Number of protein chains: 2
Amino acid sequence: MLAAQGKTNISSSAIADIIGTNAWQIRKDFSYFGAFGKPGSGYDIDKLSKQISKILKINKGHKVALIGVGNLGSAVLAYKGFANYGFDLVVAFDSDPKRIGKKLGEVTIENISKINSLKKRNITVAILAVPESAAQQVTDTLVKTGIKGILNFSPCYLQVPKSVRIITIDIAIDLARLPYYIG
Amino acid sequence: MLAAQGKTNISSSAIADIIGTNAWQIRKDFSYFGAFGKPGSGYDIDKLSKQISKILKINKGHKVALIGVGNLGSAVLAYKGFANYGFDLVVAFDSDPKRIGKKLGEVTIENISKINSLKKRNITVAILAVPESAAQQVTDTLVKTGIKGILNFSPCYLQVPKSVRIITIDIAIDLARLPYYIG
DNA sequence: TTGTGTGAAAGTTTTCACAGCA
DNA sequence: TGCTGTGAAAACTTTCACACAA
């Protein structure tokens, strides 16, 4: 965002203002990963961005598969922000024959029965946007095909081995965080 | 979930197993809000659920408006989980004439120009699912009509007065949390 | 002058361990 | 016996304040 604004460096206090914290918090946090700021001018935005990508391990690029191309899956396919974080959405799967074979943007929708091709294609991350009733079964298949991380949009707990990381987004739970502050 | 399984009580260690933490963490956390467990049998699920709703202030019911009925908004409309958290999605707005007037489930899609009726209707929470380009402008209108909390699906920072609470869900950022653990 | 990096202090959270209740 | 609630200890995080680099 800062690079797009044509800026080349930024101070810890300016970062703090943007994300709503304090300058010393920013400096302390960065310092745990090494000293990459310059007294007087602050942090080089390009260098900082690369450092953070490295810390989060999103610098090598990750191929992503989308499972389920309903309304939510279609919204995911239309989303343009993945490249910013080193992701490449390369394939989508669905079980509906009306959808299979269609091409949305760069991505062709394949039959969900082909899901075990993920290992061969070196895809380690999946976005799960299937109905809740199918979520656990699809997850089991994903685990078998060697998936390492799942972004899950079903409002349910998924059972997976400890080696697989799941992040669940449940709209209602996020919404439920608001009333506490609204009073 | 536990109630649906027909259970009436649960121990701190069983809760801990489900959500992946320790028994003493559960007990300590609950104890800050008062002592509502019973030695020997644990926590009464119904009582616990009501206590948590009260703590989070989701026990009085909140009317919710959806802004934007594209793919993502449609997915939100199809979602059945809001009632569990005391929310009632009562209205949706869109700017597309093809969508205005249609009824999806219980909700009729209204013209986005009618958005200032929210105050009159006593709606304090909104889900924002409009294109990024419209997000800030719609947010300004929402703020004017007295909205107190926004669940924002646009991948951007929204400027609002301090009295308005925003929770932003950016799929790419959530996805970016996975590679660190995948290695 | 502006603004980093960092020891040390203050503050908070997590963990432990156990008295005591159903 | 099974399980809670909670003081006290340990661990961790945040804040401060300042030496020093560009």
Side-chain angles (χ1 to χ4, degrees), chain A residues 1-57 59 157 162 165-168 173-174 176-177 180-181, chain B residues 1-57 59 157 162 165-168 173-174 176-177 180-181:
Chain A
M1 185 191 83
L2 291 164
Q5 286 172 21
K7 294 191 180 168
T8 60
N9 32 234
I10 186 169
S11 70
S12 55
S13 60
I15 297 174
D17 287 347
I18 294 170
I19 68 168
T21 181
N22 324 286
W24 56 80
Q25 187 68 272
I26 297 288
R27 294 204 302 276
K28 189 63 138 185
D29 283 3
F30 287 171
S31 80
Y32 286 115
F33 298 100
F36 33 85
K38 265 192 191 162
S41 63
Y43 299 87
D44 180 277
I45 285 167
D46 185 55
K47 199 174 155 191
L48 182 58
S49 166
K50 287 195 175 106
Q51 285 282 354
I52 294 174
S53 292
K54 210 170 151 190
I55 293 165
L56 298 176
K57 300 190 195 168
N59 57 331
Y157 288 100
K162 275 207 202 87
R165 192 86 191 183
I166 296 213
I167 289 178
T168 294
I173 288 182
D174 282 312
R177 293 163 54 198
Y180 180 82
Y181 299 98
Chain B
M1 184 191 81
L2 292 164
Q5 286 171 22
K7 295 192 177 164
T8 59
N9 34 234
I10 187 169
S11 71
S12 56
S13 61
I15 297 174
D17 287 347
I18 293 170
I19 67 167
T21 183
N22 321 287
W24 56 82
Q25 187 69 272
I26 298 287
R27 294 204 301 275
K28 190 62 137 186
D29 283 3
F30 287 171
S31 79
Y32 286 115
F33 299 101
F36 36 84
K38 264 193 192 161
S41 62
Y43 299 87
D44 181 277
I45 286 167
D46 185 56
K47 199 173 156 192
L48 182 59
S49 166
K50 286 195 175 108
Q51 285 281 356
I52 294 174
S53 292
K54 208 170 153 191
I55 293 165
L56 298 176
K57 300 190 193 168
N59 57 332
Y157 288 99
K162 274 207 203 84
R165 193 86 190 182
I166 296 211
I167 289 179
T168 294
I173 287 182
D174 282 313
R177 292 163 54 199
Y180 181 82
Y181 299 99

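All values reported here derive from a predicted model rather than from experimental measurement. Hydrogens, waters and symmetry mates are skipped; everything else that's a heavy atom, side chains included, is used.
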Subject >> Spacing between Asn22(B) atom CG and dA17(C) atom P, to the nearest angstrom >> reply: 13 Å

**OP:** By nearest nucleotide on DNA chain D, pick out whichever of Gln25(A) and Lys38(A) is the more 5' one.
**Re:** Gln25(A)

Original post:
So, do Lys47(A) and Phe36(A) sit near enough that their side-chain heavy atoms are less than 4.5 Å apart?
Top reply: yes

Subject >> Any donor-acceptor N/O pair, Ser49(B) side chain to Ile45(B) backbone, under 3.5 Å >> reply: no

Original post:
In whole angstrom, what separates Trp24(A)'s CH2 from dA9(C)'s P?
Top reply: 18 Å

Subject >> Min side-chain heavy-atom separation Leu48(A)-Leu2(A) under 4.5 Å >> reply: no

Original post:
Between which nucleotides of DNA chain D, 5' to 3', does chain B make heavy-atom contacts below 4.0 Å?
Top reply: dG2(D) to dA8(D)

Subject >> Whole angstrom value for the distance that separates P of dT14(C) from CD1 of Ile26(B) >> reply: 11 Å

**OP:** On DNA chain D, check which nucleotide each of Arg27(A) and Ser41(A) is closest to and give me the residue with the more 5' one.
**Re:** Arg27(A)

Original post:
Please give, in whole Å, the distance from dT12(C) P to Asp29(B) CG?
Top reply: 16 Å

Subject >> Shortest non-hydrogen separation from Asn22(A) to Ala16(A) and the atoms involved >> reply: C-CB, 3.4 Å

**OP:** Could you tell me whether Phe30(A) contacts a base, only the sugar-phosphate backbone, or nothing, with contacts defined as non-hydrogen atoms closer than 4.0 Å?
**Re:** nothing

Original post:
Asn9(A) CG to dT2(C) C1': how many Å, rounded?
Top reply: 12 Å

Subject >> Heavy-atom side-chain contact between Tyr181(B) and Ile167(A) under 4.5 Å >> reply: no

**OP:** Provide, to the nearest angstrom, the distance between the CG atom belonging to Leu48(A) and the C1' atom belonging to dT4(C).
**Re:** 13 Å

Subject >> Lys38(B), NZ atom: more than 12 neighbouring heavy atoms under 6.0 Å >> reply: no

**OP:** Tell me what Ser13(A) touches on the nucleic acid: a base, only sugar-phosphate, or nothing, going by heavy atoms under 4.0 Å.
**Re:** nothing

**OP:** Any chance you could measure Tyr157(A), atom OH, to Thr168(A), atom OG1, to the nearest 0.5 Å?
**Re:** 8.5 Å

**OP:** Report the nucleotide, chosen from dG3(C), dA8(C), dC21(C), that has the shortest atom-to-atom distance to any side-chain atom of Lys28(A).
**Re:** dA8(C)

Original post:
Across the strands shown, which category fits Tyr32(A) at heavy-atom distances under 4.0 angstrom: base, sugar-phosphate, nothing?
Top reply: base

